[in-house]
Structure formats: structure tokens, C-alpha cells
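Just below is one structure, and these are the notes that go with it.
Only heavy atoms go into these numbers, but all of them, side chains included; no hydrogens, no water, no symmetry mates. Count residues from 1 along the sequence.
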Amino acid sequence: MANETVLKQKQAVVKEIESVIQESAGVVFADYRGLTMSDLSELRAQLRQEEGTVKVYKNTLLSSATSNLKLDVEETVFSGPTALAKFSEDAASGAKVLVSFSKKNDKLQIKGGFLDNKFLSVKDVKHLASLPTKPELIAKVVGGVKAPLTNLHMVLSSPLRSLVYVLNSIKDNK
């Protein structure tokens, strides 16, 4: 009876992990060994600002969830204590938080992650962190669309402006 209860609890956690991986914009696995509670609280606060969370799971449950989802994971990811950071909106901004935190606090070691059900190595996660965030990309697109329109406006209004200057010059001379 007790074993069945424990088994059901573990299956529920595996289902939770599966839904986290499927519904998130991205997830990152990290080794948190050596971090103090205040460090973890600081990391959680920074992730919360980027609509992310971090939670610790057993490696066997993480491994079961990824194998149930048929995701390829490097074996080294599930060795040692593992925390799973998930990002609801923008995976790049969440990865930036983790990478910058790991640079400040070398006890947090990034192990890998997932983006669109594709495994990311540590190198890939760091590359993702170097990308611009979603608002920055939107601003670049808007700027790219706006620039040609502004230039077109300047070109089309230039002859009219020149005509006005010529007429004002003639008026001032007379």
C-alpha cells in the first residue's frame, strides 16, 4: 500500500515535469550544489522578473520525464543535484539570468536545457543567453520597418521643401 502511494506520487511528479517541459518556452538544467538559501532566493527573484521559476527534482524523475517525451539528453545532465529552470515567455532572457548568475556565483553550473523539444548543450544555452531578448528583437524589427518609410518621406518632401525655400528667398529679395 505504501509503495503504491509513493509510486503514484512519483508518477504525478513525472507528469508535472513533462508538462513543464512541453508548456515552457524553454528549460535549463543546472547544478546548484554549494548555493546557499539566500543565493537560491536571489536567483528565484531574478527569474521571477523574467517570468521564470526554478525547482529541484530528483534525477531519476527528470530522466523518466525526458524519456517519456522521447527527448535526447546527454547522460551527464542527470548526475549530481539538478535544478530545472523554466521560462514561460522568453527563453533568451531567462537564459541570460542564469548565465549571468552563474558568472557571479560559480557554484551554479549550467548542465544543458531544452528549447522547442531540442536539447541544448551548455554552449548552446550560453549562445541563447547572448541573443537579444524578445522586446529588443521587436524594437529592431519596428526600427527596420520604420527607417525606409522615414527615408521615403524625406525624399518625397524634399522637392516641396526646396520650393518653399526658393519662394522665401525670392520674397526676401523683393
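- Under the 4.5 Å side-chain heavy-atom criterion for Ile, Leu, Val, Met, Phe, Trp and Tyr, Leu62 and Val6 are members of distinct hydrophobic clusters.
- Listed by chain and residue number, nothing satisfies the side-chain hydrogen bond (donor to acceptor under 3.5 Å, both in side chains) test with Gln11 (two or more places apart in sequence, or in another chain).
- Between Glu74 and Phe119 the shortest side-chain heavy-atom distance falls below 4.5 Å.
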Please tabulate, for the side chains in residues 92-104, all donor-acceptor contacts under 3.5 angstrom to protein atoms that are two or more places apart in sequence or on a different chain.
from: Ser93; atom 1: OG; to: Glu50; atom 2: OE1; distance (Å): 3.1
from: Ser93; atom 1: OG; to: Asp90; atom 2: O; distance (Å): 3.0
from: Lys96; atom 1: NZ; to: Leu131; atom 2: O; distance (Å): 2.9
from: Ser100; atom 1: OG; to: Lys96; atom 2: O; distance (Å): 3.0
from: Ser100; atom 1: OG; to: Val97; atom 2: O; distance (Å): 3.1
from: Ser102; atom 1: OG; to: Leu98; atom 2: O; distance (Å): 3.3
from: Ser102; atom 1: OG; to: Val99; atom 2: O; distance (Å): 2.8

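- Grouping the Ile, Leu, Val, Met, Phe, Trp and Tyr side chains by contacts below 4.5 angstrom, directly or via other members, places Leu84 apart from Leu128.
- Surrounding CG of Asn168 are more than 12 heavy atoms belonging to other residues, nucleotides or ligands, all under 6.0 Å away.
- Annotation: side chain of Leu108 is in contact with side chain of Leu35 (closest heavy-atom distance under 4.5 Å).
- Taking the salt bridge (Lys or Arg N to Asp or Glu O under 4.0 Å) definition, one finds that Arg33 meets it with Asp31, sequence neighbours left out.
- Counting heavy atoms from C-beta outward, Ser121 and Asp124 have side chains that approach closer than 4.5 Å.
- Legend: residues meeting side chain to side chain contact (heavy atoms under 4.5 Å, CB included) with Ser24, ordered by chain and number and at least two apart, are Val20, Val27, Lys86.
- Val56 and Leu61 fall into different hydrophobic clusters, where Ile, Leu, Val, Met, Phe, Trp and Tyr side chains are chained together by heavy-atom contacts under 4.5 Å.
- The backbone N or O of His127 lies less than 3.5 Å from a partner atom in the side chain of Ser130, making a donor-acceptor pair.
- Contact of the Thr53 side chain with the Arg44 side chain is not registered, since no non-hydrogen atoms from C-beta on lie closer than 4.5 Å.
- Annotation: side chain to side chain contact (heavy atoms under 4.5 Å, CB included) contacts of Lys55 (sequence neighbours excluded): Glu16, Tyr57.
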**Request:** Kindly determine whether Glu42 and Gln46 satisfy side chain to side chain donor-acceptor pair (under 3.5 Å), including the steps that lead there.
**Result:** CA-CA 6 Å; Glu42 179 185 341; Gln46 289 177 11; 3.3 Å; yes
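- A continuous path of hydrophobic side-chain contacts links Leu43 to Val125 [ILVMFWY only; heavy atoms under 4.5 Å].
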Less than 3.5 Å apart, which donor and acceptor atoms pair up between the side chains of residues 109-118 and the rest of the protein, not counting sequence neighbours?
from: Gln109; atom 1: NE2; to: Asp106; atom 2: O; distance (Å): 2.4
from: Lys111; atom 1: NZ; to: Val77; atom 2: O; distance (Å): 2.9
from: Lys111; atom 1: NZ; to: Ser79; atom 2: O; distance (Å): 2.7
from: Lys111; atom 1: NZ; to: Pro81; atom 2: O; distance (Å): 3.3
from: Lys111; atom 1: NZ; to: Thr82; atom 2: OG1; distance (Å): 2.7

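- Transitive grouping of hydrophobic side chains (ILVMFWY, heavy atoms separated by less than 4.5 Å) brings Tyr32 and Val28 into a common cluster.
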